[in-house]
There are 2 protein chains.
Amino acid sequence: METLIDVQRKLLPDLLDVMQNRYRILQNVRYLQPVGRRSLSVNLQQTERVLRAEVEFLNQQGLLKISPQGMTMTDEGNHVLLELEEVMKQVSGLHVLEQQLMEKLNLEDVIIVPGDSDRDSWVQRDMGKACITRLMPLLKAKRKIAVTGGTTIAAVAEMMTPMTKKNQPLFVPARGGLGENVENQANTICSTMARKASGEYRLLHVPDQLSEESYQMMVEEPGVKEVLDLIRSAEIVIHGIGEAETMAVRRKSSTEVLEKVQANHAVAEAFGYYFDQIGNVVHKVKTVGLQLDDLTEEKTIFAVAGGSSKANAIAAYMKRGPRQVLITDEGAAKSLI
Amino acid sequence: METLIDVQRKLLPDLLDVMQNRYRILQNVRYLQPVGRRSLSVNLQQTERVLRAEVEFLNQQGLLKISPQGMTMTDEGNHVLLELEEVMKQVSGLHVLEQQLMEKLNLEDVIIVPGDSDRDSWVQRDMGKACITRLMPLLKAKRKIAVTGGTTIAAVAEMMTPMTKKNQPLFVPARGGLGENVENQANTICSTMARKASGEYRLLHVPDQLSEESYQMMVEEPGVKEVLDLIRSAEIVIHGIGEAETMAVRRKSSTEVLEKVQANHAVAEAFGYYFDQIGNVVHKVKTVGLQLDDLTEEKTIFAVAGGSSKANAIAAYMKRGPRQVLITDEGAAKSLI
DNA sequence: CTGGGTGGGACTAAAAAGGTCCATACAAAG
DNA sequence: CTTTGTATGGACCTTTTTAGTCCCACCCAG
């Protein structure tokens, strides 16, 4: 049995925003009464006009009284406030978390989905959906999307919905082979996404282990070069964040690398880079494609990672990473705070 | 402890309408799937365009799937529908009642407020508020309002809110003295309403008991005649409905009248007319003002009456009364069905 | 091939929301 | 008594959203 709020979140997501806003207004009126529109709007960080509309509504509903001295609560308003207190904790918990995370990690945006993907695997799918939803409005202006590998990003790909033919997106893998299983490789995910989005894609066919000379030659190959150019000019990047050791093991890295990762206390991994707790790059998988320095401010960068166990990794990566959008879950978010 | 829905009803009433609508759409899709926009819009009595917007939203939320064969439910959609069933009974219970009553009594509109004014006196105030809310949008086109007496209409007057100076309403009492106490007389209510609405008003000064000749003379008085003309040309009428015997007693009618009312099994009373169970007029208080035949289709007529004890009276009056707007409460509405 | 259904695009009219400014009223302070 | 700061409420304009209307491409069964 899900709670009513959860169902409403699906059926009318903006309802909760409106509700939360009106709740905040009432809270503030109660605290500051009698108070005028102007000072209230400063407190709530809203323009006077929109606040006015809300206040007039609340007045009409009889939840607050509006007089030449300012606004005051009515009994009914106080009553509603009281009734809502418990509910709003539940409703706005995540919103509050989002705000906190956004400030703490200096992010462009944070989206938190309820649940913990460590515990429930379907939470990953929710993150995927949230990512797509956040992505959609951007696709009118941008269309080149670079994606990495990993199970989380694979979940994003699974949730991808087709988009209009007008702005067909173009997907490219962010970096060359990183040693993952085929279903978690960037190339695979890239093509899955493109198929589900009914968009185009290019693949990066670069073998995992090559000598320095071979790399140089590969890079000069026309087919490869074209994709590399696409990657660097991508306007959107979607990547996951992993725990360093887990990733190193999963990629069957050499014991040498494994030891390096452990010796330097690497905790986070993102598109082939390993980071320690304070955000230093301690190791980098040798391959072509997007480099850390390529993640400039012009790109919109999505990091998708959830599960309380990954909180540490997220925190570490975000110390170094550029200003970006983080999509995570409640479990990770709570551990992060 | 009120339920969340009750609080939301106060805090965001229109969002609940939206929710109900989306719920209905999902219900119908489940029943008719696969179904196209067009046939769905016929079923739901909505224009195709607004339905389309909703459907696109529901699709994006993953609650239904939209394919060239038509729309079908997703698992998540079915799930949401299941979760909502219980809630919607509560949310839309009144809406359903409203629909039923509207059809059963052939009314223009029905508004039901939760509660039973027999049990809780504040329900009358809610009816008053509902009446005002329903009235407001009409005031741009119309401004002459005739009101009767009675405690219910007095409650409406109490809840009246001031309106813009642009369209100042003009209040007149619907009929002359009916023998009520002063606080429930049409004149008193009329002036109260006008004051609260910051509008104008005219009063009808006609003593209760007069001989036939005196009546004729009164009616020819310029001051009285002007008001009578206003009354007949009123565009809006607001009246209550009472139980016949109660009203006869409250008005201290002569035993003769009382016996007449009882002998003819009158059950309902409205603006001085007494009706029996099948809507016949069995008695009429002798006074000037609005006559039953004056209630034409051009006028918008509000009947405000609540409490399960009044259900019988409402039913009786509505058999005879013109097509109008009924504002009542849950108690009366449930008894009526 | 055709005729009914499907979704989706495009254009326009209408309505709502939001930004900005000002008139006015009230109360406390000078 | 006047001034000043605060309050609401009205007015007006621009922008955005919403809704109405048509029309097209498509699919599938008869």
Side-chain angles (χ1 to χ4, degrees), chain A residues 12-15 17-18 21-22 25 28-29 32-60 62-74 136-137 139-141 161-168 197-199, chain B residues 12-15 17-18 21-22 25 28-29 32-74 136-137 139-141 161-168 196-199:
Chain A
L12 14 87
D14 25 353
L15 166 135
D17 295 337
V18 177
N21 187 33
R22 291 187 181 159
I25 293 174
N28 276 269
V29 170
L32 300 169
Q33 66 182 323
V35 63
R37 281 201 308 258
R38 261 153 279 250
S39 41
L40 195 57
S41 73
V42 171
N43 260 282
L44 291 166
Q45 305 241 49
Q46 303 185 22
T47 68
E48 191 188 324
R49 194 62 180 76
V50 309
L51 187 86
R52 183 172 166 181
E54 293 296 333
V55 159
E56 272 168 4
F57 169 84
L58 291 172
N59 176 42
Q60 197 168 6
L63 302 180
L64 54 77
K65 211 168 56 214
I66 177 168
S67 70
Q69 285 78 27
M71 307 172 239
T72 50
M73 299 295 287
T74 63
M136 282 297 178
L139 288 179
K140 285 185 181 164
T161 57
M163 39 204 76
T164 79
K165 281 165 190 164
K166 271 282 179 54
N167 22 22
Q168 265 199 339
S198 64
Chain B
L12 15 85
D14 27 353
L15 274 285
D17 293 339
V18 176
N21 188 34
R22 291 187 180 159
I25 293 174
N28 276 269
V29 169
L32 300 169
Q33 65 183 324
V35 63
R37 279 203 313 258
R38 266 153 272 250
S39 42
L40 195 58
S41 74
V42 172
N43 260 281
L44 292 166
Q45 305 241 51
Q46 303 184 21
T47 68
E48 191 188 324
R49 194 61 180 80
V50 310
L51 187 86
R52 182 172 167 182
E54 293 297 333
V55 159
E56 272 168 5
F57 168 84
L58 291 172
N59 177 41
Q60 198 169 5
Q61 289 296 108
L63 302 180
L64 53 77
K65 212 169 53 212
I66 176 168
S67 71
Q69 285 76 29
M71 308 173 237
T72 50
M73 299 294 288
T74 63
M136 282 297 177
L139 289 179
K140 285 186 181 165
T161 56
M163 38 204 75
T164 78
K165 281 165 190 165
K166 272 280 179 58
N167 23 24
Q168 264 199 339
K196 295 234 179 193
S198 63

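Nothing here was measured: the structure is a model prediction, and the numbers come from that model.
- The closest side-chain heavy-atom distance from A/N28 to A/L44 is below 4.5 Å.
- Between the CD atom of B/E54 and the C1' atom of D/dT17 there is a distance of 14 Å, rounded to whole Å.
- Residue A/E56 contributes atom CD, which lies 13 Å from atom C1' of D/dA11 at whole-angstrom precision.
- When the P atom of C/dT6 is taken as reference, atom CG of B/L51 falls 11 Å away, rounded to whole Å.
- The shortest side-chain heavy-atom distance between A/L58 and A/M71 does not fall under the 4.5 Å cut-off.
- Counting all heavy atoms, side chain and backbone alike, A/T74 lies closest to A/G62 at OG1-O, 2.7 Å.
- The CD atom of A/E56 sits 7.5 Å away from atom CZ of A/R37, with the distance rounded to the nearest 0.5 Å.
- The nearest pair of heavy atoms linking B/I25 to B/L40 is CG2-CD2, 4.3 Å.
- In this structure, A/L40 places its CG atom 14 Å from P of D/dG9, rounding to the nearest Å.
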message = Is there a side chain to side chain contact (heavy atoms under 4.5 Å, CB included) between A/R22 and A/L63? Walk through the geometry before answering.
response = CA-CA 10 Å; A/R22 291 187 181 159; A/L63 302 180; over 6 Å; no
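- Open room surrounds CD on A/Q60; 12 or fewer heavy atoms of other groups in view lie less than 6.0 Å from it.
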request  = For nucleotides 11-23 of chain C, just jot down a letter per nucleotide in 5' to 3' order: B, S or -, based on protein non-hydrogen atoms under 4.0 Å.
outcome  = -------BBB---
Each nucleotide N or O in nucleotides 25-30 of chain D that has a protein N or O under 3.5 Å away: list the pair and distance.
none

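- The distance from atom CE of B/M71 to atom P of C/dG8 is 9 Å, rounded to the nearest whole Å.
- Minimum interatomic distance between B/N59 and B/K65 (heavy atoms only, all atoms of both residues): OD1-CA, 4.2 Å.
- Across all strands, A/V35 comes closer than 4.0 Å only to sugar-phosphate atoms, never to a base (heavy-atom distances).
- Considering only side-chain N and O atoms, A/S39 lies under 4.0 angstrom from the phosphate OP1 or OP2 of D/dA7.
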